[in-house]
Number of protein chains: 2
Amino acid sequence: MPTDDGSPAGESGAPRLGRRPSTTQAELSHVALTLFAERGFDDTTVEDIAAAAGIGRRTFFRYFASKNDLPWGDFEAQLDGMRHHLDGLPDDLPLMDAVCAAVIEFNRIPPEEVPWHRQRMRLLLGVPALLAHSTLKFQAWRDVVAEYAGRRLGVPAGSLEPQALAWTMLGIALSAYEQWLVHEDADLTELLESALRMLGERFAS
Amino acid sequence: MPTDDGSPAGESGAPRLGRRPSTTQAELSHVALTLFAERGFDDTTVEDIAAAAGIGRRTFFRYFASKNDLPWGDFEAQLDGMRHHLDGLPDDLPLMDAVCAAVIEFNRIPPEEVPWHRQRMRLLLGVPALLAHSTLKFQAWRDVVAEYAGRRLGVPAGSLEPQALAWTMLGIALSAYEQWLVHEDADLTELLESALRMLGERFAS
DNA sequence: ATACTAATGGCACCCAGTGCCGAATGGAAG
DNA sequence: CTTCCATTCGGCACTGGGTGCCATTAGTAT
């Protein structure tokens, strides 16, 4: 499963042994997203993608576990980034502030990548099959938040408080994303901050 | 599509015309849940279920749009119930209190149905394929909450506030469910109240 | 050249889901 | 009882995602 291979293109020092991979996850992802934009997700078969990338259908499934994983790229790496960011926050920062900061930071995207990311998210949240599949990815995201919260609160990550907090954060982030997709000119960071602020005000009744 | 037929067994006044359905959604659902409990969801094929129910594979798909829908029963009817309950709440009840009350009411289950419901939810939240599919069902649930909140706030249901609120409520409910599934003796209503209280306290920092 | 390693991709297979269409089952009209 | 009609049933063939198996290919090391 090259899906979890950290060195897909083979730049690392290791002299490389055996036949080299003929493509990369990123390459496949790119090819696929292009096809999706042209014909739509459902009308693009795995065979189409494999053909467009010049590999066999069977080989495709060695790079991605499923067609649904294509738009996600290397999500695990991003999660590691968030974990790292959370660990670097000072302990005297209130838990909520820390988590909010992490959510905002996690979703900060460089201006030049905005159109690209928009298209990706429009797919993920707009295509039912992808939206459904995304739940499994978001579960991993929630785990990151819950583990941090659990550590800070001195309770198991699986207990109610961390879990509820993680779910809430996911909800806030996704509703901000929905707004972002609808309003072409909106700024994601501002939407996130606004949504977080709203929640605080509404609950502090 | 008998899936949205309100009178599956034919008790309504209409004299019935043409051949009568040979089974019902509820019957199929029951048969399937039994098989799932025995062999597990993934190891039970639609053909198995159809055979156990004494119908053809093709006919199965006239009662349920997908294998994933089996554990859900008539979710739409329950949503109607929640809509109705929300509409009946007094207008001077603060929005948050109203929504919290509705969430708790929606998830109140008669004691005799607890074991059954536990098994259903254990499936829905434990089997990846079902968890993914559930996102689509929860979307409808969120819409109910968001529409009420939008009406109360005088803004479109699709705007940030109602959406964020609906997401948050879903998150709270699901984290309470997770606890409920882990702790055999826990009371769902208490868990929900506890989770909602927690959120209020944490955000009122 | 040989041996070893790793990726490729064809083939057959399973399963979910769908379109098509004739057969079965009922009530109502003659 | 027969005819007509509405509705469901279910077989058949097909698409498309995903997997196990295994021979083939393309590299490195000796």
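Within every chain, numbering begins at 1; the chains are lettered A, B, ... in the order of the sequence lines, protein sequences first and strands thereafter. Note that the structure is predicted; figures quoted are calculated from it, not measured.
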B/R62 side chain, from C-beta outward: closest of C/dC21, D/dT25, D/dG17: C/dC21
I want to verify a distance call: between C/dT8, D/dT7, D/dT19, whose nearest atom is closest to the A/R19 side chain? C/dT8
Name the nucleic acid region contacted by A/G56, choosing base, sugar-phosphate or nothing; use a 4.0 angstrom heavy-atom cut-off, strictly under. sugar-phosphate
Taking 4.0 Å as the cut-off, does a side-chain nitrogen or oxygen of A/S22 come that near to OP1 or OP2 on C/dT8? yes
On DNA chain C, does the nearest nucleotide to A/I55 precede the nearest nucleotide to B/G18 from the 5' side, or the other way round? Give the residue. A/I55
Closest to side chain of B/L17, choosing from C/dG19, D/dA6, D/dG20: D/dA6
Is a side-chain N or O of A/S29 found less than 3.5 angstrom from the main chain of A/A26, in a donor-acceptor match? no
D/dG16, OP1 or OP2 - any side-chain N/O from A/T45 closer than 4.0 Å? no
Please identify which of these residues, A/D42, A/V31, A/I49, meets the side chain to side chain contact (heavy atoms under 4.5 Å, CB included) condition with A/F36. A/I49
B/R58 has its side chain closest, among C/dT18, C/dG27, D/dT19, to C/dT18
Can you tell me how far C1' of C/dA6 sits from CZ of A/R20, to the nearest Å? 12 Å
Are B/F138 and B/W141, when compared by the centres of their aromatic rings, separated by less than 6.0 Å? no
Looking only at side-chain N and O atoms, does A/Y63 come under 4.0 Å of OP1 or OP2 in C/dT8? yes
Whole angstrom is fine here: how far is it from CG in A/L130 over to C1' in D/dG17? 13 Å
D/dG10 OP1/OP2 closer than 4.0 Å to side-chain N/O of B/T59: yes
Can you tell me how the ring of A/W180 sits relative to the ring of A/H117, calling it parallel under 30°, perpendicular over 60° and tilted otherwise? tilted
What pair of heavy atoms forms the shortest contact from B/P71 to B/L33, and how long is it? CA-CD2, 4.1 Å
Checking contacts here: which listed nucleotide (D/dG20, D/dG17, C/dT18) is nearest the side-chain heavy atoms of A/V46? D/dG17
D/dC14 P sits how many Å from B/F61 CZ, rounded? 19 Å
